[in-house]
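Note that this is a predicted model, so its numbers are computed, not measured.
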Amino acid sequence: MKQKDVLIKISDLKKSFPGGTEALKGVSFDVYRGELLVIVGASGAGKSTLLRCINGLSAISSGSIVVDGIEVNGLKGKKLRQLRTDVGMIFQSFNIVNRKRVIDNALHGRLAYYGLRGVLGLYSFEDKKKAFEILARLDLEKQVAKRADQLSGGQKQRVAIARAIMQEPKVLLADEPVASLDPGASSKVLGYLHKICQEEDITAIVSLHQIDYARNYADRIIGLTEGVVTFEGGPEDLDDEAIQELYFNEEEEE
Amino acid sequence: MKKVNNPLNEKEFKALISKRKDNLFYLIILIFMTFFLFFSLSQMNINPARVIRGFSTLSDLIKNMFPPDFGQLSRLWPLAIESIQIAILGTVLGIIFSITLSMFAAKNLTPIPGLGVILKGFFAFTRAVPALVWALLFITAVGLGTLPGILALGVNSIGMLGKVFSESFENINKATIEGLNSTGASRMQVFFQGVVPETIPIILSWSLFRFDINIRYSSILGVVGAGGIGWELVRASRMRDYPALLMVILVILVMVYAVEQFTGYARRVVR
């Protein structure tokens, strides 16, 4: 059995946006080293905001997020960039550089390890070899020299995974990684994500709105409803009643 | 037929579609402009007789120009090359400064919000002052020759390229920048590895277009003494050597046309 070693501790996290929208209303939970935690919830429940707070893409309003002993709240400049190298992220819309080749996009994950050489895109041979190796493990070896805009959505998301893995992160955040993919590509991408995180021993937090995917891949599931944690448990605990609560309660309120 | 329920009565409807108000506005402008035209003509002492006299002189001038003095060619082509060199160096100088400054001028990239406004004002200023005026200023600063020409074209280019580059950086997909930020990349790295590659077609096509403009400027910069073939224009007309003057004009024509063909082709290649 896995040892329960806390890697991320989130306590009473609140986030409101200018204009008064309260996206997160006091969220607390722990993330254990090596697990794949899935966050489920309807759109607008605060899943994206939660993930974006963990790597400082969104500043939190109050509370605390501690990633491997480092408080994220208030990090700036070099320290924030250091945190971000430890926390890889994958986005719904891939967010890779479309006009660069696949291998260049994977190598972008190494940028933080370079200074001016990174500005010019001069990577070491070892890093290039490593990028190729990771892309090959994601079955993209035939695509390495293609420009990213020539790829399908599923392939682009795999390139984004490769970029994140190249960072050698402790944690991988995936914000609705398959929401803009068709079902076939979705399960493929999630399969790759699951496999590579296990092989590299990376802790992953994945937000999803499809319950079946969550059940298939999650070690643990957290449910968010309107900025509040309303479910916490293993995939087997997410029964119909729990799903009902997560997805349909708020609709009745409307 | 579908029945249309018109909630307006006939009078209201006519008022709605009537353009009379606009017409009156344009009429006032037209009257004002006509008045201004005749005022200018009389005040500047421009009358038809003078224009007609000018035509006859001009036809004499053109008759005297033929045949063009091809003997000048061996002396003129190195100067034409010099004009092209001035245009190339001026454009390159402009591109380098424009890209660098645009990194600080674009709203989404600048580290200091106020800096963008200041830089955009600077771009507008370098754009508003004509290239020939910049050349005169730089001649005072660094003396006659090709250097003031290069500097003048460089500075004048910043105005235009800085504006379009910073605007294209502002229009870049926010997600691309966020993706690179999430890897922990620095500002400079995000800019050169993400923003520049995504906007390279825009950067290239505007740079080529600017080169087109600069070649026209560089052919006449010599008129004020900033290098290139332009000085020959002044020399030939002062000496009333009209066949030579025609030759200079022909060389400029060929030079500008050739460059235009090249940049047109290159712009199609970069899309």
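The two residues B:P197 and A:K100 come nearest to each other via the heavy atoms CG-CE, 3.4 Å. Shortest non-hydrogen contact noted between A:S93 and B:A175 is OG-CB, 4.2 Å. Across all their heavy atoms, A:Y114 and B:Q189 have their closest contact at O-NE2, 2.7 Å. Closest of all the heavy-atom pairs between A:L57 and B:N181 is CD2-CB, 4.4 Å.
Under a cut-off of 6.0 angstrom, the local environment of OH in A:Y113 is crowded, with over 12 non-hydrogen atoms contributed by other residues, nucleotides or ligands. For B:K163, the NZ atom is loosely surrounded, since the number of other residues' heavy atoms within 6.0 Å does not exceed 12. The 12-atom threshold is not exceeded at NZ of A:K188, counting heavy atoms of other residues, nucleotides or ligands nearer than 6.0 Å.
In this structure, the salt bridge (charged side-chain N to carboxylate O under 4.0 Å, His left out) partners of A:K130, at least two apart in sequence or on a different chain, are A:E168.
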### Message
I'd like to know whether B:V196 forms a side-chain contact (heavy atoms from CB on, under 4.5 Å) with A:R99, so could you lay out the CA-CA distance, the side-chain angles of the two residues, the decisive distance to 0.1 Å, and finally the verdict.
### Response
CA-CA 10 Å; B:V196 170; A:R99 295 187 57 86; over 6 Å; no
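Under a 3.5 Å cut-off, the side chain of B:E198 and the backbone N or O of A:N98 do form a donor-acceptor pair.
Contact annotation for A:R110: neither backbone nor side-chain heavy atoms come within less than 4.5 Å of a heavy atom of chain B. Of the atoms belonging to A:T85, heavy atoms from both backbone and side chain fall under 4.5 Å from chain B. Using a 4.5 Å cut-off between heavy atoms, A:L116 touches chain B through its side chain atoms alone.
A:M89 contributes atom CE, which lies 12.5 Å from atom OG1 of B:T183 (distance to the nearest 0.5 angstrom). To the nearest 0.5 Å, atoms OG (B:S182) and CG (A:N95) are separated by 7.5 Å. In this structure, B:L180 CG and A:N105 CG are separated by 7.5 Å, a value rounded to the nearest 0.5 Å.
Side-chain atoms of A:V97 and B:Q193, non-hydrogen and from C-beta on, never get closer than 4.5 Å to each other.
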